[in-house]
Amino acid sequence: MSEEPVIICRCNDVTEEEIVALIEEGITDIEVIKRLTRIGMGPCQGRTCIPLVQSIIARRTGKPMEEISSPTSRHPVKPVRMGVFAGEEVEE
Amino acid sequence: MKERVVIVGGGIMGLATAYHLARLGAENVTVLERRFAGYGATFRTGTGIRESFGDETNIWMMRESIKMWKALEEELGHPTEYRQTGYMFLLHTEEEMESFRRNVSLQNSLSVPSRIISPEEAKEIVPPLNIEDVLGAAYNPEDGKANPFLVLQGYKKASLKMGVKIHEYSPVEGIVERGGKRVVKTPRGEFEADILINAAGGWSKLIDRMVAVPSHVEPYKHQAIKTEALERGQINPMVVSFKHGGAYLTQDIADGGVIGGVALAEGPTFDMNPTLEYAIEVSRHFTWLIPALKYVHIVRQWAGFYATTPDKNPVIGEVAPGYYIISGFSGHGFMMSPMATKSLAELIVEGGTSAPLDFYDPHRFERGEFREAAIQMG
Ligand SMILES: Cc1cc2nc3c(=O)[nH]c(=O)nc-3n(C[C@H](O)[C@H](O)[C@H](O)COP(=O)(O)OP(=O)(O)OC[C@H]3O[C@@H](n4cnc5c(N)ncnc54)[C@H](O)[C@@H]3O)c2cc1C
Ligand code: FES
């Protein structure tokens, strides 16, 4: 039986299977999952995938959602073109 | 070896040292990590791996490390994304040309195949490069890069398999002596150590302080950026320009996004917040070197520590009886980790190593000895 993989992070092509494999290895810290799989590191900065990953962790570990931290957000909060930072372009 | 070894720090140094100790027969190795393995500089590295140094010892250490990098994927049974995509130092003045001619001839004498190339050749290798003010470049095709996330995971799994114990979320808060043994205290319990190893990177001086020895390692905040994914193969080597902000940049193996940074450091400090000033500096220099990057988005920016010593060379060796340090890599520890950790493990288990560890003697500063500063990026 061939099942379509469930894509969790569309920006970086990460499947549910990859996330579940890590959780089963005991890796349930979203910061670590992020670095190992690159979820949340794409152009949308995790807006779509992070909540999905949090819910997978909650489901698999039985922890309530509130206890699963959100990754630290850093500047830049949204992607910015280098030309804008370099002062050669103004942001539209 | 039955001695209880406790390693403080679960970065590349801590885990690779644990791995080599276990391979050499140490049966009782414990790694204590404050957060998760890799949390420190290791997961914040610029990924570069080069033997392009300007002094014999560092060239030797890196030449041997590169041999190990090539075999690492197979040895660990884990992907590393290690690739030999080269380093290209852009040279903009006669003075730079002269000093890199010297580096290249020293490197060649140690069988490193680096060479000086013309601006046109540089552009052939990196098509989007701006060669307007480039006189030439020093290019070494054997240099390269690897994926720090995968590499660390590989060491971690291989170490666990050999019986190394890794305790994450276990910050070392104090070290006391009891009955001639050191006892390492964490909120998750105490660990007795016959041999204690400080692999705490930018935080090393705090561990030195707990053992009551002088420290020569200070944390300096350096930053880096990553862009959105780009078509691969346009910027294969690590492109470096000391004139343009000390910029270094390359395309990531995984998604082709550009990763890199500039030499804008702050410190000593324990602050790890990225700054807008840095984003502006990076963008100014990167868009000069590769004008097409103007249209490319920065998707991530982060800060981490260069664990820095007065001569930009690491401290590796015994500090006090039973207390060792492997730190102070001053921004080039990821690349040097294979040989640095293997030789420290040999020193501990076998009492000696063929690597020139004297050069990295932790006591050299107290004797007033400073090495020629290692070539540093960022
Ligand atoms: C922006 C940037 C770019 C870089 N680019 C490159 C590059 O291109 N090539 C290269 O070779 N190197 C590069 N480096 C340097 C490289 O990342 C480091 O030299 C290397 O990762 C050091 O590894 P480490 O294990 O010594 O330190 P770390 O990875 O910092 O590990 C130390 C660990 O100790 C833990 N720790 C600290 N205090 C305690 C405590 N009290 N108890 C328990 N654990 C503790 C920390 O949490 C940390 O995980 C770069 C560094 C930065 C910041
Ligand atoms: S969907 Fe994961 S970062 Fe965009």
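Throughout, a chain's letter reflects where its sequence line sits, starting with A, and its residues are numbered from 1.
- Summarising the geometry of Gln45(A) relative to Val299(B), their closest heavy-atom pair is NE2-O, 2.5 Å, with the distance given to 0.1 Å.
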Enumerate donor-acceptor pairs with a distance under 3.5 Å from any side-chain N or O in residues 230-238 of chain B to protein atoms, sequence neighbours excluded.
unit_1    : atom_1 : unit_2    : atom_2 : d
Arg232(B) : NE     : Ile253(B) : O      : 3.0
Arg232(B) : NH2    : Ala254(B) : O      : 2.4
Gln234(B) : NE2    : Glu231(B) : O      : 2.8

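- One distance of note links CZ of Phe36(B) with OG1 of Thr28(A); it measures 12.0 Å at 0.5 Å rounding.
- Shown here for Ile280(B) and Phe85(A), the closest heavy-atom pair between the two residues is CG2-O, 3.6 Å.
- The distance from the CD1 atom of Ile27(A) to the NZ atom of Lys156(B) is 5.0 Å, given to the nearest 0.5 Å.
- Only the side chain of Asn147(B) comes within less than 4.5 Å of a heavy atom of chain A; its backbone N, CA, C and O stay farther away.
- Here the closest non-hydrogen pair linking Leu36(A) and Phe149(B) is CD2-O, 3.9 Å.
- From Met41(A), atom CE reaches atom CG of Asp255(B) across 10.5 Å, with rounding to the nearest 0.5 Å.
- Within the 4.5 angstrom heavy-atom criterion, only side-chain atoms of Ile225(B), from C-beta onward, approach chain A.
- In this structure, the side chains of Asp252(B) and Arg38(A) come closer than 4.5 Å at one or more pairs of heavy atoms.
- For Glu31(A) and Arg35(B), the salt-bridge test fails: no basic side-chain N is under 4.0 Å from an acidic carboxylate O.
- Surrounding CD of Glu25(A) are more than 12 heavy atoms belonging to other residues, nucleotides or ligands, all under 6.0 Å away.
- Between Tyr295(B) and Met82(A), every side-chain heavy-atom pair lies at or beyond the 4.5 Å cut-off.
- Contacts between Tyr169(B) and chain A at a heavy-atom distance below 4.5 Å involve the side chain alone, from C-beta outward.
- Distance check: Lys34(A) NZ to Phe43(B) CZ gives 12.0 Å after rounding to the nearest 0.5 Å.
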